[in-house]
K.L.:
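After the structure tokens below, expect a handful of questions from me.
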Amino acid sequence: MAVQKMKRIAVCAGKRDRKKMLESLQRMGTVELCREEPGKGAVRKGERAVQPWEEKTRTEVREAISRMEKQAEQLERALQILRQMRPEKQSVFAALEGKPIRTEDLYQKGEKNRESVCQEAGNILKLARKTEALEAENEQIAKRIERLKPWKSLKIPLDFSESRRFAVIFGSLPGREAEKYMARMAKPTANAGAVTGNQEKDGMTAEEVAEMAAEIFCREGGRAYLGILCERRKEGMLRERLKLLGFLEAPSGDGNRAPAEEIRDLEASRRRNRDRLVACRQEMERMWEKKSQLELTEDYYRVRAQKYRVLEQLLQSKSAFFLEGYVPEKEAGKVKRRILEQFTAKVEVWDPDPGEPVPVLLKNGKITEAVQGVLEAFGLPQKGEKDPTAVMWIFYVLFFGMMLADAAYGFLTAVCCGILLLRFSEMSDAWRRSVKLFFWCGISTLIWGVLFGSYFGDAVDVAAGAFLGIVPPEGRSLLPAVWFAPIQDPMKMLLYAMLFGLIHLLTGLAIRGACCLRERRYGDFICQTVLWYLLLAGLLLLLIPGEIFRSVTGIHLELGPAADAAGKILAVTGAAGILFFAGRQAKSTFLRLALGAYELYNITGWLGDVLSYSRLLALGLATGVIASVINQMGVMLGPVGFVPVFLAGHLLNLAINLLGAYVHTCRLQYVEFFGKFYEGGGRPFRPFAQETKYVKIKEEL
């Protein structure tokens with residue numbers, strides 16, 4: 001139960017100290033600043049009034065923020081270019097490595113080097129733009145060369161236009177069409193007599209054919225590249241006719257140069273561009289050593305922009321400024337002392353108002369903090385609610401182990417997570433808590449696996465029987481269960497699953513009662529906790545000796561007449577109390593009874609909640625049965641085939657059931673456990689701190 005107590009803090013100081021004080025608060029990272037007018041905080045009381053605010057103003061810093069963001073974006077683009085030049089190899093566990101820790105002053109270091117580093121970033125971007133331009137130019141040159149290659153044997157420019165009477169058309173035709181027209185060029189008279197002035201199927205008249213000459217220069221890709229000589233007055237008509245035949249014109253020429261000459265010049269240009277590209281890339285490679293400085297400076301600009309966003313919100317007069325916020329109680333004294341040591345200021349610290357929506361900050365022990373992320377995913381405690389992390393840790397680890405319930409799986413999980421915790425000591429808090437959670441769940445799984453006698457399912461018995469001829473007696477195992485085997489006695493496992501579930505639910509009910517007592521809501525404590533305990537205790541005393549319990553569990557218990565009478569009294573007392581007092585706020589007697597009856601109807605919800613814990617049996621059996629099937633499949637393939645099937649199958653089984661155990665254990669906490677006492681919805685504590693991207697600045701108060 002570790003919701004940290006918050007204090008309100010208000011600071012009033014000289015206007016010249018605004019930026020330095022914000023930098024100091026940002027480095028401390030323990031104060032959440034409020035965006036509110038004075039009068040709602042410290043200055044609303046006469047004895048705390050420290051400055052008249054008749055002329056309240058705010059600093060206009062949007063232009064400065066925009067410049068800083070642009071500088072940060074420029075540095076980020078430069079870093080991306082360097083990473084593309086030399087891609088960094090990241091391990092599978094890169095997310096666990098965390099940010100490198102720096103103990104230096106980010107503002108001082110960044111301010112000292114920012115101009116030179118930004119100049120280096122600008123040089124990188126210029127080189128990148130130059131590289132892109134050279135690559136684009138070489139790409140265009142390559143395309144131009146490819147288009148000119150079929151015309152290498154041509155001795156005149158492609159845009160030849162020396163003759164006034166005749167025109168030359170260069171282009172390409174499909175192979176068949178080119179051959180057909182070249183044949184016509186060889187026999188123009190015969191063709192003319194055949195058509196007698198009429199248009200042929202291909203769109204050419206004999207007169208037009210007779211007045212043309214053509215030559216093929218190259219055949220490539222199913223096309224023939226040719227030049228056609230015709231009278232200039234018929235050039236336009238001929239071009240239109242040729243388009244119908246699939247004619248593609250040659251690329252435009254370049255001055256008076258023949259294609260072969262132009263290709264040589266283009267190749268020389270491409271070689272020069274390649275040399276320039278190599279020089280640019282070598283220059284950028286030399287700038288790789290500036291990477292850490294670029295990262296630090298980008299973080300400097302981002303942190304500085306964060307400071308200016310807060311500066312924009314500060315209230316100020318002509319000579320002073322005011323800020324107000326929240327600080328954890330244990331840090332309040334340190335923050336106040338540090339401000340007064342560095343600045344001439346007025347600092348006030350006081351308790352928030354009773355109904356004030358205070359931000360929530362959780363602080364749990366090194367063991368119980370493992371499930372803090374599970375709680376935060378649901379919602380932080382509201383005002384008046386207790387932090388259930390410590391209690392939830394016990395049941396979470398217990399239920400997770402019961403669902404996975406294999407000693408070998410638990411051992412592997414715990415060892416792997418333990419190695420990660422030792423190897424990556426600088427991982428983020430969220431990752432560290434998650435890995436630590438699976439470490440403790442692995443320990444629980446190991447213990448439950450020993451109790452249930454499961455080691456990779458029944459791998460020991462199956463392998464020993466198949467390969468060594470060692471067969472245990474019927475119903476026995478070479479590694480027997482310390483307690484019992486759920487696969488052989490599932491009803492016993494179901495009974496204990498529901499028993500643990502009932503304890504889990506009653507614990508949630510007890511926490512609700514504790515919250516009622518702490519807030520002095522004694523009526524709610526009796527109606528919402530005591531009466532339900534009486535009702536549930538009475539029903540249990542009546543159920544245990546009954547035939548239904550005996551048929552389901554196989555256990556016959558005789559508690560005697562006294563227990564039977566006590567059960568009836570407790571059940572009737574609890575039910576009557578809930579019926580008559582659960583809706584006591586209503587003025588109408590009928591409405592009060594209706595609300596009480598509705599609350600009493602929730603006993604069916606208790607039955608459903610208890611039955612939900614049967615998933616402990618289901619997932620535990622699933623793990624064991626799948627493991628057993630994998631073992632049987634492995635021995636069918638002999639000693640050689642057993643190893644790969646064993647490794648792959650059990651790795652897959654472990655992964656699937658780890659996910660299943662995680663999801664269903666979370667569900668038992670969120671739906672069944674939290675449903676009895678916890679709503680969540682608290683606002684998280686978000687201190688004004690240095691939110692960096694590449695480095696982690698560590699500074700002790």
K.L.:
Determine the minimum heavy-atom distance between Asp489 and Phe484, stating which atoms define it.
P.N.:
O-CE1, 3.9 Å
K.L.:
Could you check whether Tyr326 and Glu356, counting side-chain N and O atoms only, form a donor-acceptor pair closer than 3.5 Å?
P.N.:
yes
K.L.:
Look only at the side chain of Thr604 and the backbone of Tyr601, and say whether a donor-acceptor pair between them is shorter than 3.5 Å.
P.N.:
yes
K.L.:
Can you tell me how far the CG atom of Asn364 sits from the CG atom of Asp387, to the nearest 0.5 Å?
P.N.:
5.0 Å
K.L.:
Should Leu502 and Asp609 count as side-chain neighbours, where that means a heavy-atom distance under 4.5 Å?
P.N.:
no
K.L.:
Would you mind checking if Glu426 and Lys696 are paired as a salt bridge, meaning a charged N to carboxylate O distance below 4.0 Å?
P.N.:
no
K.L.:
I need the minimum non-hydrogen distance between Ile578 and Leu600, along with the two atoms involved.
P.N.:
CG2-N, 3.8 Å
K.L.:
Inspect the contact between Glu376 and Arg433 and indicate whether a charged nitrogen and a carboxylate oxygen are less than 4.0 angstrom apart.
P.N.:
yes
K.L.:
Please confirm whether the ring centroid of Phe673 lies under 6.0 Å from the ring centroid of Tyr678.
P.N.:
no
K.L.:
May I ask you to decide if Ile526's main-chain N or O and Thr529's side chain share a donor-acceptor pair within less than 3.5 Å?
P.N.:
no
K.L.:
Indicate yes or no: does Glu348 engage Arg8 in a salt bridge with an N to O separation below 4.0 Å.
P.N.:
no
K.L.:
Assess whether a salt bridge exists between Arg584 and Asp524, defined as any Lys/Arg side-chain N lying under 4.0 Å from an Asp/Glu carboxylate O.
P.N.:
yes
K.L.:
Does Tyr396 reach the main-chain N or O of Val374 with its side chain, forming a donor-acceptor pair under 3.5 Å?
P.N.:
no
K.L.:
Any non-hydrogen side-chain atom of Phe452 less than 4.5 Å from a side-chain atom of Val482?
P.N.:
no
K.L.:
What I want to check is whether the side chains of Asn657 and Tyr409 have a donor and an acceptor closer together than 3.5 Å.
P.N.:
no
K.L.:
Under 3.5 Å, is there a donor on one side chain and an acceptor on the other for Asp406 and Thr623?
P.N.:
no
K.L.:
Suppose we call two aromatic rings close when their centres sit under 6.0 Å apart. Are Phe500 and His504 close by that rule?
P.N.:
no
K.L.:
Does a side chain donor of either Gln372 or Thr389 reach within less than 3.5 Å of an acceptor in the other side chain?
P.N.:
no
